[in-house]
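Taking it in order: structure first as structure tokens, then the write-up.
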There are 2 protein chains.
Amino acid sequence: MEKRIFKDKAYSLLAAMIKAMANPHRLEIVDLLGQGERTVEEIAEEANMSIANTSQHLQVLKQANLVEVRREGNYIHYRLTHEEVSKSWQMLRELGFSQLSEMERLIRDFREKRNSLEALPMDELLTRMRSRNLVVLDVRPAKEFNNGHIRGAINIPLEGLAAKINHLPKNKEYVAYCRGPFCVFADEAVALLTKRGFKAKRLMEGFPDWKMKGLPVETIES
Amino acid sequence: MEKRIFKDKAYSLLAAMIKAMANPHRLEIVDLLGQGERTVEEIAEEANMSIANTSQHLQVLKQANLVEVRREGNYIHYRLTHEEVSKSWQMLRELGFSQLSEMERLIRDFREKRNSLEALPMDELLTRMRSRNLVVLDVRPAKEFNNGHIRGAINIPLEGLAAKINHLPKNKEYVAYCRGPFCVFADEAVALLTKRGFKAKRLMEGFPDWKMKGLPVETIES
DNA sequence: CAAGTATTCAATAAAATAATTGAATACTAG
DNA sequence: CTAGTATTCAATTATTTTATTGAATACTTG
């Protein structure tokens with residue numbers, strides 16, 4: 001094979017794969033599937049898209065070998081093909097954070113109103129976790145918590161937080177986390193906590209990042 | 001700002017950046033700029049594109065903050081904005097290698113004909129480099145070699161190899177490397193060397209990968 | 001300032017991408 | 001087998017992306 005043809009084919013194959021990620025909806029889907037598998041319906045609901053549109057975007061991701069499916073009765077469950085997909089997403093996300101000043105501005109605007117601007121990076125949480133005074137709060141739905149969470153974290157899904165907030169000790173410090181930097185559960189939790197006089201911050205990243213970094217996690221078997 | 005609007009904006013910003021990479025020509029440009037800055041003319045020549053088309057693709061990359069420019073007289077030099085761009089490219093490339101079976105087939109077909117299929121991974125080269133019997137051959141143009149190369153490597157640009165091959169000792173083993181897995185210099189070098197009875201392999205990756213991994217490099221000041 | 005070179009710009013046409021709609025499939029439950 | 005549900009498919013339209021072409025800019029050199 002001629003040199004030029006080889007190069008054209010190689011770069012085209014990769015570009016096709018990257019193109020599959022180069023869409024806001026599909027990025028959101030990849031991000032979501034980083035938490036574990038989901039049905040088409042669940043994805044559509046989470047990402048605020050029509051079912052048909054969601055399905056079509058999922059086909060694109062499947063074509064590119066980024067996701068795979070499992071049928072269970074009427075439902076079709078989608079999941080990432082490999083952890084590296086999640087890893088690559090995280091890498092691209094970080095690249096965006098470092099390159100795009102608009103991204104920084106967007107996040108600052110959003111978090112300022114929720115008192116969650118001052119976020120804790122993962123390594124800092126790790127060192128401060130030894131303290132008895134720190135409570136790590138997983139504010140994702142129970143299903144995701146059971147599927148894997150930061151070791152030692154307690155699960156209070158955001159929707160249940162308002163009800164349980166009065167039982168929480170005021171003399172502790174709280175660090176809330178959820179799916180990742182674009183997941184707003186942790187921000188809403190911090191907003192609520194600080195409003196009620198608790199000392200709370202959010203984790204900068206999310207659970208998939210923690211896990212991918214090889215930091216201590218635990219799982220609850222169902 | 002409302003939750004959904006925030007998410008839409010965040011994923012859109014990232015998708016726009018990724019879209020800038022999601023094109024075969026632009027990937028080739030990013031890959032090439034991983035070696036160091038280049039003028040528009042040089043890029044067009046290397047990637048086999050028209051000047052105007054190259055310029056337009058470069059505008060897209062610039063818009064996404066992936067490359068930046070420096071003017072010097074009539075020439076405009078483009079370079080990657082940060083090392084993380086190169087790092088991300090490498091990550092995506094690896095993702096492609098692991099996900100796309102077609103990619104494996106393409107590379108196998110190309111390298112089989114050049115006796116360069118059996119490639120050496122970086123860590124293996126590192127351990128074997130201590131041996132006095134191994135020669136590490138940088139077959140890129142001298143300019144790129146001077147800009148940085150694997151410590152201890154000798155530079156014989158591919159176009160000069162045929163002329164110098166008779167002065168090379170036959171009792172050594174050779175490992176050739178160049179810009180990366182899609183750069184064909186190393187493959188051509190291995191083809192030539194094995195044809196003349198030398199024992200030669202190519203490095204699986206390229207110099208930017210070696211450098212990014214923090215392995216020993218050296219530079220020649222000009 | 002005139003001529004020459006490197007690069008960008010603007011306009012065009014062809015091709016690919018994306019959202020919407022309604023119909024078609026592939027299952028389960030009764 | 002029928003009705004119901006989750007998902008996919010196909011057709012349509014609007015939008016975006018891409019390559020090509022020739023003209024316009026921004027420099028350098030003499």
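A, B, ... follow the sequence lines: proteins, then strands. Residue 1 opens every chain. Remember, predicted model here, so these are calculated numbers, not experimental data.
Shown here are the side chain to side chain donor-acceptor pair (under 3.5 Å) partners of A/Ser86, two or more places apart in sequence or in another chain: there are none. Residues passing the ring-ring contact (aromatic ring centres under 6.0 Å, His included) test with A/Phe182, sequence neighbours excluded: A/Phe97, B/Tyr11. Annotation: ring-ring contact (aromatic ring centres under 6.0 Å, His included) contacts of B/His25 (sequence neighbours excluded): B/His57. Remark: A/Asp8 pairs with A/Arg4 by the side chain to side chain donor-acceptor pair (under 3.5 Å) rule, at least two apart or across chains. Residues that satisfy the salt bridge (Lys or Arg N to Asp or Glu O under 4.0 Å) test with A/Glu2, not counting sequence neighbours, are absent from this structure. For the side chain to side chain contact (heavy atoms under 4.5 Å, CB included) test, residues two or more places apart in sequence or in another chain that qualify with B/Thr219 are B/Glu221. Partners of A/Glu144 under the side chain to side chain donor-acceptor pair (under 3.5 Å) rule, at least two apart in sequence or in another chain, are A/Arg38, A/Arg179.
Between the OG atom in B/Ser88 and the NE2 atom in B/His82 there is a gap of 11.5 Å [rounded to 0.5 Å]. In this structure, CD1 in A/Ile154 is found 10.5 Å from NE2 in A/His149, a value given to the nearest 0.5 Å.
The separation between A/Tyr75 atom OH and D/dT7 atom C1' is 11 Å, rounded to whole Å. Nucleotide C/dA6 holds its P atom 12 Å from the NE2 atom of B/His77, rounded to whole Å. Straight-line distance from the CG atom of A/Leu58 to the C1' atom of C/dA18: 15 Å, rounded to whole Å. Residue A/Ile51 contributes atom CD1, which lies 19 Å from atom P of D/dG4 at whole-angstrom precision. For the pair A/Arg26 CZ and C/dA19 P, the interatomic distance rounds to 8 Å; values are reported in whole Å. For B/Ile43 and C/dT8, the CD1 to C1' distance is 14 Å, given to the nearest whole Å. If you measure from atom CD of A/Glu28 to atom P of C/dA19, you get 12 Å, rounded to the nearest angstrom. Nucleotide D/dC27 holds its C1' atom 15 Å from the CZ atom of B/Arg70, rounded to whole Å.
Sorted by residue number, the members of residues 5-23 of chain A with any non-hydrogen atom under 4.0 Å from DNA chain C read A/Lys19, A/Asn23. Within residues 31-38 of chain B, no residue has a heavy atom under 4.0 Å from DNA chain D. The stretch residues 62-69 of chain B has no heavy atom under 4.0 angstrom from DNA chain D at all.
Nucleic acid contact for B/Thr54: none, since no nucleic acid atom lies under 4.0 Å from a heavy atom of the residue. Within 4.0 Å of B/Ile76, counting heavy atoms only, lie sugar-phosphate atoms of the nucleic acid but no base atom.
Look at B/Glu42 and B/Lys143 and you find a salt bridge, because one of the NZ, NE, NH1 or NH2 atoms lies within 4.0 Å of a carboxylate O, short of that distance. In this structure, A/Lys7 does not pair ionically with B/Asp31, as no charged nitrogen and carboxylate oxygen lie closer than 4.0 Å. A salt bridge links B/Arg108 to B/Glu104: at least one charged side-chain nitrogen sits closer than 4.0 Å to a carboxylate oxygen. Here A/Glu118 pairs with A/Lys201 in a salt bridge; the nearest charged N to carboxylate O distance falls below 4.0 Å. Taking 4.0 Å as the cut-off between side-chain N and carboxylate O, B/Asp209 and B/Arg93 count as a salt-bridged pair.
In plain terms, the two heavy atoms of B/Leu14 and A/Leu92 that are nearest each other are CD2-O, 3.8 Å.
Relative orientation of the B/Tyr75 and B/His77 rings is tilted, given thresholds of 30° and 60° on the angle between their planes.
Which of C/dA6, D/dA19, D/dT18 sits closest to the side chain of B/His57 comes down to D/dA19. In this structure, the nucleotide among D/dA6, C/dT8, C/dA6 sitting nearest to the side chain of B/Glu41 is C/dA6.
An OP1 or OP2 oxygen of C/dT8 is reached within less than 4.0 angstrom by a side-chain nitrogen or oxygen of B/Tyr78. The shortest distance between the side-chain N/O atoms of A/His25 and the OP1/OP2 oxygens of C/dA19 is below 4.0 Å.
For the side chain to side chain contact (heavy atoms under 4.5 Å, CB included) test with A/Phe185, the passing option among A/Leu137, A/Leu158, A/Asp138 is A/Leu158; the others fail.
Each end of the helix from C/dC1-D/dG30 to C/dG30-D/dC1 gets its own rotation axis from five pairs of C1' atoms, and the angle between them is 30° to the nearest 10 degrees.
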Original post:
Once each nucleotide of nucleotides 21-30 of chain C is scored for protein heavy atoms under 4.0 Å, what B/S/- sequence comes out, 5' to 3'?
Top reply: BB---BBS--
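Position along DNA chain D of the nearest nucleotide to A/Val40 versus B/Pro24 favours A/Val40 as the more 5'-ward residue.
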